[in-house]
2 protein chains.
Amino acid sequence: MKALTDPAPGDTDGGATIYQVAERADVSIATVSRVLRGTAPVAAATRARVEAAMAALRFTPSRLGVSLAERHHAANGIVFPDLSGPYFAEVVLGYEEVAAEVGRSVLILSTHGRQAAREMVLDLAARVDGMVVLARTVDDEVIAEVLGKNIPVVVVARDRVRGADSVNAENEHSAEALGAHLAAHGHRSFAFMGDPEISADAYHRWTGLTRALRAHGVNVPQRPVACPFDEDGGREAAAVLLGTDPPDALVCANDEIALGAITAAEQMGIRIPDDLAVTGWDDVMAARHSRPGLTTVRQPMRQLGAWAARRLHERLGGDTSAPRHEVLPTQLVVRASCGHHNKEDR
Amino acid sequence: MKALTDPAPGDTDGGATIYQVAERADVSIATVSRVLRGTAPVAAATRARVEAAMAALRFTPSRLGVSLAERHHAANGIVFPDLSGPYFAEVVLGYEEVAAEVGRSVLILSTHGRQAAREMVLDLAARVDGMVVLARTVDDEVIAEVLGKNIPVVVVARDRVRGADSVNAENEHSAEALGAHLAAHGHRSFAFMGDPEISADAYHRWTGLTRALRAHGVNVPQRPVACPFDEDGGREAAAVLLGTDPPDALVCANDEIALGAITAAEQMGIRIPDDLAVTGWDDVMAARHSRPGLTTVRQPMRQLGAWAARRLHERLGGDTSAPRHEVLPTQLVVRASCGHHNKEDR
DNA sequence: TTGTAGGCGTTATCAC
DNA sequence: GTGATAACGCCTACAA
């Protein structure tokens, strides 16, 4: 009796097929498909037989078969440069969360700045119905190629690309506010760390900062100090910068650079914020816990991912309206690293 | 002329098929497939025609078709509870990196402690050739189910599961070393924060700690203080604990809990490490930058993911040997939060 | 060297 | 209600 209800010992492989279920229930595969999808009425008795057969065989429909027939993957992709910093991890998390909610699997792809990025993205494009592209992982042409295959893409933390939706956190005004705050502290000589050539975010932050400085009659630095967006990048670039002509204030494109810079400064005996003000961007966990607390700009990382996922879902639902370009608000978080404040100095 | 080499305007959809290429090149689909895969010799002239046709049509073979025919996905999955902390993000990153290297796409699934975890994992199982499961995201039965479908799984940061490979960072000895260090500082009353019921890592750390305390003749706390593995969890639990009977030393299951506990302590006017020693686990970025620096245990998060990816790849390559159980070494990182040191107090 | 035809596992359209 | 059967897009013996 037992042997009858258990899966055949021989079928060691990827599971039973709809044919085996049909045979066991003594119906056609069409009927099995019907009870599976509830797409048409099936007699109660028949349904029961089919369900019993499915259970006995531990039948799970092949995603490949289903997708091929339905002509879509029920999966989306997301490509980012790296997951090492807290920033991208948060965006991806926000993305995954709503993608899962609306029933789509998510494929990730980290380009790591590899040369093969284009091929990797194109390969990804063959596995998904839509995808989101973070920052400058690939050129606009690659995105155009993907769009050309009729798979929608939404870009995040990146300038607009023809034909794609986009979400960004507000940058210029936030940078202006930050610059104004620093100027009000009396800082007169500035430096900006981060690479505007590589990051649209950094570019706009640099732009906003310079505008603020100009408005406040403060000298604008010649150019940004380009450096990788991590602690080491910040530390090394700061070591050089502070060794030659140290500014009063160091505005960094993200918290990691800032934290790295602070490390370098402390090693050189430079006190923060007395000798040097330092600010970051993102408000990661370490920014809260460092001493002095890091003045920074908080941006809604989770929401960036969530918005992208929702928009993609709309597109895949048939929305063919003009691309939308969302800008999410940020928040200046003033702590101690930007200089002494009058009241509660914390 | 142009119209001839461009893709037909009508074929707006998911791209050309092998049939269209074949027709255009005036060969059979078999030949197209051969030039695609290099699986058999093709006359130079023929190959040229086919390649021209592919280029003109911007042909990309359908992953679905390929996978269905080849009977595998060329993709792996990874399931984790959440990506919010630095820990899982690092593991996933390490995983993705080597998975990509060996040419497999990666699908991620965050269970968020959702009830539907089982269904989600089973759904994932239908889309991949193998998968890694982090921590206690799902019950052993679910893993058994997946294994039953003949898809290999390797578990990470989790106790062994019959039939699956596993990688873990060393826990007990590290915890013993940490406990010994704290005892040497003279601390006599301990508390442990984290939930051993939920995390195998936490369980083994608790075990190691109690053993060390016993060995040093120090009172062993009745039980761990269960709390969520994030800052809020640490902060709230610590607020209660420190309000009633504060210990000398607080050993936390990860850095986030520790940092949260420190925040709570400071708000209560308790000084670290003078009044209370606090230690974490993981050595995340914030641990380095907090003041006092957080004493912690560094574990090779990236490598955990990388090992899992490599092992999975071996399995998928046909390795059917007995499950392997790897334990990666950790490193005690002593900073200031565990108490004053004689020499360089940093 | 190249073509024919069957198979991979579903869905969905027709008839009955 | 149910059952044939044609897609879906590709791979691969087997023939020629």
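So you know, we letter chains A, B, ... as the sequences are listed, proteins then strands, and number each from 1. Values below: every heavy atom of this structure, side chains too, minus hydrogens, waters and symmetry copies.
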Next on the checklist: For B:His112 and A:Glu101, which I'm curious about, is there any donor-acceptor pair between the side chains at under 3.5 Å?
Outcome noted: no
To the nearest angstrom, how far is [X] atom [atom1] from [N] atom [atom2]?
X: B:Leu64; N: C:dG9; atom1: CG; atom2: P; result: 14 Å
X: A:Arg71; N: D:dC10; atom1: CZ; atom2: C1'; result: 14 Å
X: B:His72; N: D:dC10; atom1: NE2; atom2: P; result: 16 Å
X: A:Met54; N: C:dG9; atom1: CE; atom2: P; result: 17 Å
X: A:Leu36; N: C:dA12; atom1: CG; atom2: C1'; result: 14 Å
X: A:Tyr19; N: C:dT11; atom1: OH; atom2: C1'; result: 11 Å
X: A:Ile18; N: D:dG3; atom1: CD1; atom2: P; result: 12 Å
X: A:Glu70; N: C:dA12; atom1: CD; atom2: C1'; result: 11 Å

Item to check | Euclidean distance, B:Glu90 CD relative to B:Gln303 CD, rounded to 0.5 Å | outcome: 9.5 Å
Item to check | Distance in Å, A:Thr60 OG1 paired with A:Met54 CE, rounded so as to fall on 0.5 Å steps | outcome: 9.5 Å
Item to check | B:Arg49 side-chain N/O to B:Ala25 backbone N/O, donor-acceptor pair under 3.5 Å | outcome: yes
Next on the checklist: I'd like to know if the side chain of A:Arg34 reaches the main chain of A:Gly38, judged simply by a donor and an acceptor atom lying under 3.5 Å from each other, with no hydrogens or angles considered.
Outcome noted: no
Next on the checklist: Given C:dG9, D:dC11, C:dT11, identify the nucleotide with an atom nearest to the side chain of A:Leu68.
Outcome noted: C:dG9
Checklist entry - Can B:Arg158 and B:Asp140 be counted as an ion pair, charged N to O under 4.0 angstrom? => result yes
Please list, for nucleotides 2-4 of chain C, all pairs of protein and nucleotide N/O atoms separated by less than 3.5 Å.
| from | atom 1 | to | atom 2 | distance (Å) |
| --- | --- | --- | --- | --- |
| C:dT2 | OP1 | B:Thr46 | OG1 | 2.2 |
| C:dT2 | OP2 | B:Ala43 | N | 2.7 |
| C:dG3 | OP2 | B:Ser28 | N | 3.0 |
| C:dG3 | OP2 | B:Ser28 | OG | 3.3 |
| C:dG3 | OP2 | B:Thr31 | OG1 | 2.8 |
| C:dG3 | N7 | B:Arg34 | NH2 | 2.7 |
| C:dG3 | O6 | B:Arg34 | NH1 | 3.2 |

